Structure formats: structure tokens, C-alpha cells
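First comes the structure, then the notes that go with it.
A quick note: this is a predicted structure, and the numbers were derived from the prediction, not measured. Quick note: residue numbers are just sequence positions, from 1.
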Amino acid sequence: WGVVAQESSASIQLGTREGKYGEQLVDSKGITLYLFDADSPGKSTCYGECAIEWPPLLVPSGKSVTASGNAQASLVGTTNRTDNTTQVTYNGWPLYYYIGDKVPGDVTCQGVKSFGDFWWLVKPDGTKNTKT
């Protein structure tokens, strides 16, 4: 899946999946998405080594971001990163993958502290899921 969502259509789609921590935000392939407590709405702090371990969900120029399932279209957005890429946000929170999640349904870093703060699943209502 890589850092940039590889979608064949004109949009990147966010959806939801039920898992052991409840319903969570995923990409169109069912890969888990996370938020980072060190970020603030609309502002990513994960760059360099952090972005290698936690690749941001990026949207290429000319593509849009849509919502399906219980993901809410009104909460979908983007933010400009300092490396001149555009990252997908949900309820303002920049979204990331974890490099250790390999297949749909993998959740290997819920509530893990890494790069100075905690990483959490995202609920369909846009809040962090703090179940561990």
C-alpha cells in the first residue's frame, strides 16, 4: 500500500471495519489508520524516521477523499505537510498507517507510545479509541 494510497479511481476512500477494539477507520483496502497524540488538528508532527515507521496517508494532486460505511464525509479533510505533500485528515487529525500492519484487520500498535507520544485507532465519530 505504501505511503501514498494507491487507488485506481479519482478518489481515496475511507471506510470502517469492526475489530477487537470496536469499529475503526480504515482505507479502501481495509488497512488500519491511526492518529498521533503529538499532532493537533490540521497539523502533523510526524516526519523523518517517524514517517518511515508511521507512513502518513497522502492524497496525490487531483484526487479527492471520500467516505463509505460508517465513516462520515463531513469529517474528511486534508492538511499540507512541511514536505509539500497533502495528508488526509479525519475530524482534523492527520491519518497514518503503521508499517507493521500488513493485511486488512491488522492492529499491531493500538495505544503504543512511539516517537514521544501515543498512537490510537480512530473511531467513526472522529475521536481516538483508547481501548487497550
Side-chain angles (χ1 to χ4, degrees):
W1 41 270
V3 174
V4 176
Q6 300 298 318
E7 304 283 343
S8 57
S9 68
S11 69
I12 292 171
Q13 192 171 65
L14 300 180
T16 57
R17 170 183 210 102
E18 190 67 35
K20 70 178 182 177
Y21 299 105
E23 195 171 22
Q24 65 204 38
L25 204 64
V26 296
D27 73 3
S28 64
K29 295 179 179 83
I31 303 295
T32 302
L33 295 166
Y34 297 86
L35 64 77
F36 186 35
D37 268 345
D39 289 348
S40 56
K43 182 167 175 34
S44 173
T45 61
C46 182
Y47 292 91
E49 291 295 319
C50 178
I52 291 170
E53 190 170 335
W54 296 90
L57 174 56
L58 302 176
V59 59
S61 178
K63 290 210 177 197
S64 61
V65 186
T66 60
S68 68
N70 288 328
Q72 299 175 39
S74 63
L75 298 180
V76 175
T78 60
T79 187
N80 295 321
R81 293 173 54 83
T82 61
D83 59 5
N84 296 316
T85 59
T86 303
Q87 187 170 2
V88 178
T89 63
Y90 194 75
N91 196 28
W93 289 99
L95 297 177
Y96 303 88
Y97 295 105
Y98 175 62
I99 198 167
D101 290 348
K102 302 294 186 192
V103 298
D106 277 0
V107 178
T108 57
C109 271
Q110 167 67 349
V112 169
K113 188 171 186 179
S114 179
F115 292 94
D117 220 327
F118 290 91
W119 296 86
W120 304 104
L121 297 173
V122 185
K123 294 180 186 180
D125 68 1
T127 61
K128 63 185 169 187
N129 178 338
T130 57
K131 292 180 184 174
T132 55

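- The ring-ring contact (aromatic ring centres under 6.0 Å, His included) pairs that include a residue from residues 55-95 number zero, where partners must be two or more places apart or lie in different chains.
- For the ring-ring contact (aromatic ring centres under 6.0 Å, His included) condition, no pair includes a residue of residues 59-88, sequence neighbours left out.
- Residues meeting the side-chain hydrogen bond (donor to acceptor under 3.5 Å, both in side chains) test with N91, sequence neighbours left out: none.
- Of all non-hydrogen atoms in Y47 and T82, the two that sit nearest each other are OH-N, 2.9 Å.
- For D125, the side-chain contact (heavy atoms from CB on, under 4.5 Å) partners two or more places apart in sequence, or in a different chain, are Q72, K123, T127.
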Enumerate donor-acceptor pairs with a distance under 3.5 Å from any side-chain N or O in residues 103-116 to protein atoms, sequence neighbours excluded.
unit_1, atom_1, unit_2, atom_2, d
D106, OD2, K102, N, 2.8
D106, OD2, V103, N, 3.2
T108, OG1, D101, OD1, 2.5
Q110, OE1, L121, N, 2.8
Q110, NE2, N129, O, 2.6
Q110, NE2, K131, O, 2.8

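- The salt bridge (Lys or Arg N to Asp or Glu O under 4.0 Å) contacts involving residues 49-60 comprise nothing, where partners must be two or more places apart or lie in separate chains.
- When side chains are defined from C-beta on, L14 does not count as touching L75, because their heavy atoms never get closer than 4.5 Å.
- The structure places CG of L33 at 5.5 Å from CG of L95, a figure rounded to the nearest 0.5 Å.
- Residue pairs meeting the salt bridge (Lys or Arg N to Asp or Glu O under 4.0 Å) criterion with at least one partner in residues 81-94, sequence neighbours excluded, are R81-D83.
- Here C50 pairs with C46 under the disulfide bond (SG atoms under 2.5 Å apart) rule; sequence neighbours left out.
- Under a 3.5 Å cut-off, the side chain of T89 and the backbone N or O of G77 do form a donor-acceptor pair.
- Residue pairs meeting the ring-ring contact (aromatic ring centres under 6.0 Å, His included) criterion with at least one partner in residues 26-46, sequence neighbours excluded, are Y34-W54, F36-W119.
- By the side-chain hydrogen bond (donor to acceptor under 3.5 Å, both in side chains) test, T79 is found to be paired with no residue, residues two or more places apart in sequence or in another chain being considered.
- Proximity of Y96 to L35: side-chain heavy atoms (C-beta onward) are nowhere separated by under 4.5 Å.
- Pairs of residues two or more places apart, or lying in two chains, that qualify as salt bridge (Lys or Arg N to Asp or Glu O under 4.0 Å) and include a residue from residues 33-48 are D37-K128.
- V26 meets the side-chain contact (heavy atoms from CB on, under 4.5 Å) test with R17, Q24; sequence neighbours excluded.
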